[in-house]
Amino acid sequence: GSSHPFQYIGDIDPTQPQPWSEEEEDWHALHETLVKRVEESDALSVNHVDDYLPQLIFYGDSITEGWNGTSFGNVPGPHRMWTAGEDESIRDVFATAFGDRSDWGERALKPPLILGISGSRTYDFIWRIENGEFPVSSLLARAEDIDNKNEDDDVFPIKGLERIYVLLMGTN
């Protein structure tokens, strides 16, 4: 049989959650890193209570992981068509939009999480969230936060919403 760096959709049942094969050491190492990031985020104190915005959680494949400036947890080299310093530039773009000093970040309950793995597909994404890549901490301890929203708000009502989960995947 031939060796593939990735399993193809015809090789597996996408409805059955499963990790990548054990030979894919970079994938497994990055998954463990992302689990630690989720655990560290869960352990953080909540930043704001009044006039807050939810924590953003980004899941996905290479595009999402790229916001960390990595591919399979490593800074890509020229062989991946990345130029020197491009990883830092990409992280800066993300930080400007969603980081601690951004409009969103200054009001967010917690810093955003980028939980992307290059090549991710439905079957491994489901496995990942079932195996540690899903925050479990409660960010809002007070039930009255949900009841205190202003009925006259003409913006999306996010009072009481702790997190927004964004899934961006180009493959199935």
Side-chain angles (χ1 to χ4, degrees), residues 1-47 53-83 85-95 97-100 104-105 108-140 161-172:
S2 64
S3 170
H4 300 286
F6 300 99
Q7 289 183 310
Y8 293 94
I9 201 67
D11 298 336
I12 51 142
D13 179 352
T15 65
Q16 297 302 310
Q18 58 185 301
W20 283 23
S21 70
E22 291 182 18
E23 292 124 17
E24 301 292 347
E25 294 174 7
D26 286 347
W27 187 92
H28 285 275
L30 181 53
H31 166 67
E32 290 304 317
T33 298
L34 298 181
V35 168
K36 287 180 182 140
R37 287 183 190 160
V38 169
E39 291 169 349
E40 290 167 359
S41 177
D42 275 347
L44 289 175
S45 298
V46 172
N47 291 336
L53 292 171
Q55 179 184 29
L56 297 173
I57 312 292
F58 293 92
Y59 291 104
D61 54 19
S62 58
I63 293 172
T64 305
E65 182 186 352
W67 294 335
N68 279 323
T70 63
S71 179
F72 293 105
N74 303 299
V75 175
H79 68 287
R80 299 278 297 195
M81 298 187 300
W82 285 50
T83 59
E86 189 170 359
D87 58 306
E88 293 172 21
S89 298
I90 291 171
R91 283 191 296 271
D92 287 345
V93 167
F94 186 86
F98 302 110
D100 291 343
W104 189 282
L109 290 168
K110 290 188 178 185
L113 283 173
I114 302 171
L115 304 174
I117 297 182
S118 295
S120 197
R121 299 205 176 190
T122 304
Y123 68 91
D124 70 86
F125 165 69
I126 295 170
W127 184 90
R128 289 168 43 208
I129 61 173
E130 289 177 345
N131 288 274
E133 288 187 43
F134 193 82
V136 295
S137 64
S138 177
L139 304 183
L140 299 174
L161 186 63
E162 296 181 341
R163 292 183 176 95
I164 294 177
Y165 299 91
V166 180
L167 173 61
L168 303 168
M169 270 200 292
T171 58
N172 50 2

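Applying the side-chain contact (heavy atoms from CB on, under 4.5 Å) rule to Val93 yields no partners; only residues at least two apart in sequence or on another chain are considered. Taking the side chain to side chain donor-acceptor pair (under 3.5 Å) definition, one finds that Arg91 meets it with Asp87, sequence neighbours left out. Under the ring pair (Phe, Tyr, Trp, His ring centres under 6.0 Å) criterion, Tyr59 pairs with Phe125, not counting sequence neighbours.
The backbone N or O of Gly66 lies less than 3.5 Å from no partner atom in the side chain of Thr70, so there is not a single donor-acceptor pair. Using a distance-only test at 3.5 Å, with no hydrogens or angles considered, a donor-acceptor pair links the side chain of Asn74 to the main chain of Phe72. No donor-acceptor distance shorter than 3.5 angstrom exists from the side chain of Asn131 to the backbone of Arg128, with no hydrogens or angles considered. Side chain of Lys110 to main chain of Pro54: no donor-acceptor pair is present (N/O by atom type, distance under 3.5 Å, no hydrogens or angles).
Taking all atoms of both residues into account, the shortest heavy-atom contact from Ile114 to Trp67 is CD1-CB, 3.7 Å. Considering all non-hydrogen atoms of both residues, Asn68 and Arg37 come closest at ND2-NH1, 3.2 Å.
No donor-acceptor contact under 3.5 angstrom links the side chains of Ser120 and Glu65, judged on distance only.
Ring-plane geometry between His28 and Trp127 is classed as perpendicular, the angle between the planes exceeding 60 degrees on a 0 to 90 degree scale with a lower cut at 30. Below 30°, between 30° and 60°, or above 60°: for Phe94 and Phe98 the angle between ring planes is between 30° and 60°, a tilted geometry.
Annotation: side chain of Ile117 is in contact with side chain of Trp27 (closest heavy-atom distance under 4.5 Å). The shortest distance between side-chain heavy atoms of Leu113 and Pro135 falls below 4.5 Å. Inter-residue side-chain proximity for Asp124 and Pro19 is flagged as unmet; no heavy-atom pair is nearer than 4.5 Å.
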